[in-house]
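Being a predicted model, the structure only gives us computed values, none of them experimental. First the proteins, then the strands, lettered A, B, ... as listed; each starts at 1.
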Number of protein chains: 4
Amino acid sequence: MSTPSEARRSQDSRLAILEAAFAEASEKGLHSTTIESIAARAGVGKQTIYRWWKSKAAVVLEALEEEAARPGRGASFPDTGDLRADLRTQMRGVVRAMRTPAFATYRGLIAAAQADPEIARAVNDVIIAPRVHACLDRLRRAQQVGQLDGDADLDLLVELLYGPLYYRLLLQTEPVSNAQVDAVLAAVLPA
Amino acid sequence: MSTPSEARRSQDSRLAILEAAFAEASEKGLHSTTIESIAARAGVGKQTIYRWWKSKAAVVLEALEEEAARPGRGASFPDTGDLRADLRTQMRGVVRAMRTPAFATYRGLIAAAQADPEIARAVNDVIIAPRVHACLDRLRRAQQVGQLDGDADLDLLVELLYGPLYYRLLLQTEPVSNAQVDAVLAAVLPA
Amino acid sequence: MSTPSEARRSQDSRLAILEAAFAEASEKGLHSTTIESIAARAGVGKQTIYRWWKSKAAVVLEALEEEAARPGRGASFPDTGDLRADLRTQMRGVVRAMRTPAFATYRGLIAAAQADPEIARAVNDVIIAPRVHACLDRLRRAQQVGQLDGDADLDLLVELLYGPLYYRLLLQTEPVSNAQVDAVLAAVLPA
Amino acid sequence: MSTPSEARRSQDSRLAILEAAFAEASEKGLHSTTIESIAARAGVGKQTIYRWWKSKAAVVLEALEEEAARPGRGASFPDTGDLRADLRTQMRGVVRAMRTPAFATYRGLIAAAQADPEIARAVNDVIIAPRVHACLDRLRRAQQVGQLDGDADLDLLVELLYGPLYYRLLLQTEPVSNAQVDAVLAAVLPA
DNA sequence: AAGTAACCGAGACGGTACGTCGTGTCTTCAC
DNA sequence: GTGAAGACACGACGTACCGTCTCGGTTACTT
């Protein structure tokens, strides 16, 4: 995200911008957040944003990342030894998260990614991939203890578990719910 | 989509606008298609667009619909009597469609829908719902002939089948493929 | 100054812009008048200014012109029959005018003309030439009644009369004054 | 123009700046010369300019001065004993100079002076006053040898001689010329 | 000879204005 | 009374410079 000399960069400005970007996107949605509004809120010149980021989506994504880097917000997966229970816990957490304003911002980023491959890649690298990996790790551990077939296709499993959630979220056919999670689990992980 | 007197409406203008909208969106993507560019390309006044549609997404959606109303483009589902084979045929068709420019426009509409509930509803009514219904019909028929459990949750089934495709399409983790279709079918419809 | 269709032009906007431009230039000087401040004060979009004028100098010049088109503000010259007395009256009027805020604006335009030939030409056409012609007319009439040699070089005369005033005004060596006017007249029009 | 310790000042930088300023102003005109462009061209930090000068006009003025300090570029006046001939020589020199690019820069400074009294004063002190004094000296010598009335108003004379030249130069009514010089001399210094 | 104060190049910073683009509304004229 | 044409007020865009402010790195005076 950078070209000029990272060394001389003002951390004050950087943080003020990320904070403002997060706030604006949460309050008004990504699409009506503007570089000008971020700059004004952060008390910063527009050029300072253009210098270090290439689009408002890039700023907001980094803001989201910063936010996610807080305490227990990581991509970690529960592991009690019971795979089905752990998936249920985690997926219910996702359902809960999908109803928060920060998730609306994330949705906005996914929307922006449809028109800009750079954002698509960034969203993947920063948000999706780490969570998918955490999930795959958990599944692999389940495989080792025999809770899952040794030859199960784990990538497919991830898509079967989360695909239906994103389907509802993005196509807005109906709201995600715990019931959906339970149904998916029952279908995908038969006892 | 109409308020003024539909009777006096110029069909020439309407068609020119839809054609222009479809072309612009295909060439430049929905997000850099503008009402002005559609009007200019259609040789029409901007007001004529604003009079009959409420956003560029509405125009483009109608253009897509018009396009889809051509010959065999409908939402119909194959029915050879073999459910698995029919699903396979249809889903491979979806994979093929997802690689066309018109589908990029559709993706743009889904993106726009994240920020505008009206668009979300319209996209659902016009594109998604008819196809889901066609699919549900097919599944119901399979149920009647005993190819599917009588108490299977058909709505869930639809989400399990198509969720993974949209997951890849919209999150752009990797390209959709026939292999994915086969894997999903194998997992969701065990022999 | 126009390219789009003059017919559809809004006279309300035009007048509001000229009024605002005149006021801004009078209060803050031409060089710290901006297109944005004119637009804001006139309650007008910037584009409306850019559409009809090619620089802020052009706007302000037209504003000055409009202002000058008021009642007795014309370029007319006194004619009592006594050339020396009439020149004295007129030139003292110029001295008086040179101390007004509107003249500061005019000075700003002359300054702008040094870097832009279009403005130079416009300033000449709109402000200088008419006044020079009025002066030449008066001198010609004096020639006809024998108050001036028949072969006197009238163009030269104009430059000898007004050159010293503009010299002081623009080079700011010292303020213009009635005393200067009298001295110039005495030297250039010997009894 | 200085406040910090003149002793430690880098002469390399100073000269590079003046050279760059002169070149930029000659090539692009004073009004589109910027402090940044001077700094870049001189290979110097902006601060080094701001430290020693208070505006780009000040830099360019000093550059012009440096340029004028070359060989015979001074403000000296010819003195052959024949006042009319000497004025003619000198004024024709001015006409010639007025057509050079350096004079365009000087015109730019006069323009800038209309909006900034500091520049006005500086231009006067550095350029105009020395030349006026040289002229007055010459006129005074002519007075002493009886080529000019003892009670002639020499300041007025200067304005009558040079006013018409600056009038044409700055109002751009028509180009200055040797013919104008001759006519002015004939009118102001009658045989 | 070491220490230290300053100027130096570089360039990031908060700002202001630029000139352009697209929005959605409003006005004018032709059919 | 629709429709094309396009002017209008508005808001954001991304860029250019402004003048100020660090940041090392050389000088060149001081002790």
Polar pairs (N or O, both sides) under 3.5 Å between protein and nucleotides 1-5 of chain E?
none

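Counting non-hydrogen atoms under 4.0 angstrom, Ser37(B) reaches nothing in the nucleic acid.
With distances taken from any side-chain atom of Tyr50(A) to the nucleotides dC13(F), dA7(F), dA12(E), the minimum falls on dC13(F). The nucleotide whose nearest atom lies closest to any side-chain atom of Ser13(B) is, among dG14(E), dG9(E), dG3(F), dG3(F). Listed nucleotides dC8(E), dC8(F), dT15(F) differ in distance to Arg9(D); the shortest reach to its side chain belongs to dC8(E). Closest to the side chain of Trp52(A), out of dA9(F), dA12(E), dA17(E), is dA12(E).
Rounded to whole Å, the distance from CD1 on Ile38(B) to C1' on dG22(E) is 12 Å. Counting to the nearest Å, the P atom of dG22(E) and the NZ atom of Lys56(B) are 10 Å from each other. One interatomic measurement links the two molecules: CZ of Arg14(C) to P of dA9(F), which rounds to 14 Å at whole-angstrom precision. Taking atom CD of residue Gln47(D) and atom P of nucleotide dG19(F), one finds them 11 Å apart after rounding to whole Å.
Side-chain contact check for Glu118(A) versus Ser55(A): every heavy-atom pair is 4.5 Å or farther apart. In this structure the side chain of Arg14(B) reaches within 4.5 angstrom of the side chain of Trp53(B), judged on heavy atoms.
Sequence order on DNA chain E of the closest nucleotides to Thr33(B) and Ile35(C) puts Ile35(C) first from the 5' end. Take the nearest nucleotide of DNA chain E for Ser32(B) and for Ala7(C): the residue whose nucleotide is more 5' is Ser32(B).
Contact annotation: side chain of Lys46(B) to base of dG24(E), donor-acceptor pair present below 3.5 Å.
Only one option out of Glu19(A), Glu27(A), Glu36(A) pairs with Arg41(A) in a side chain to side chain donor-acceptor pair (under 3.5 Å); it is Glu27(A).
For the pair Gln172(B) (side chain) and Ala113(A) (backbone), a donor-acceptor distance under 3.5 Å is present.
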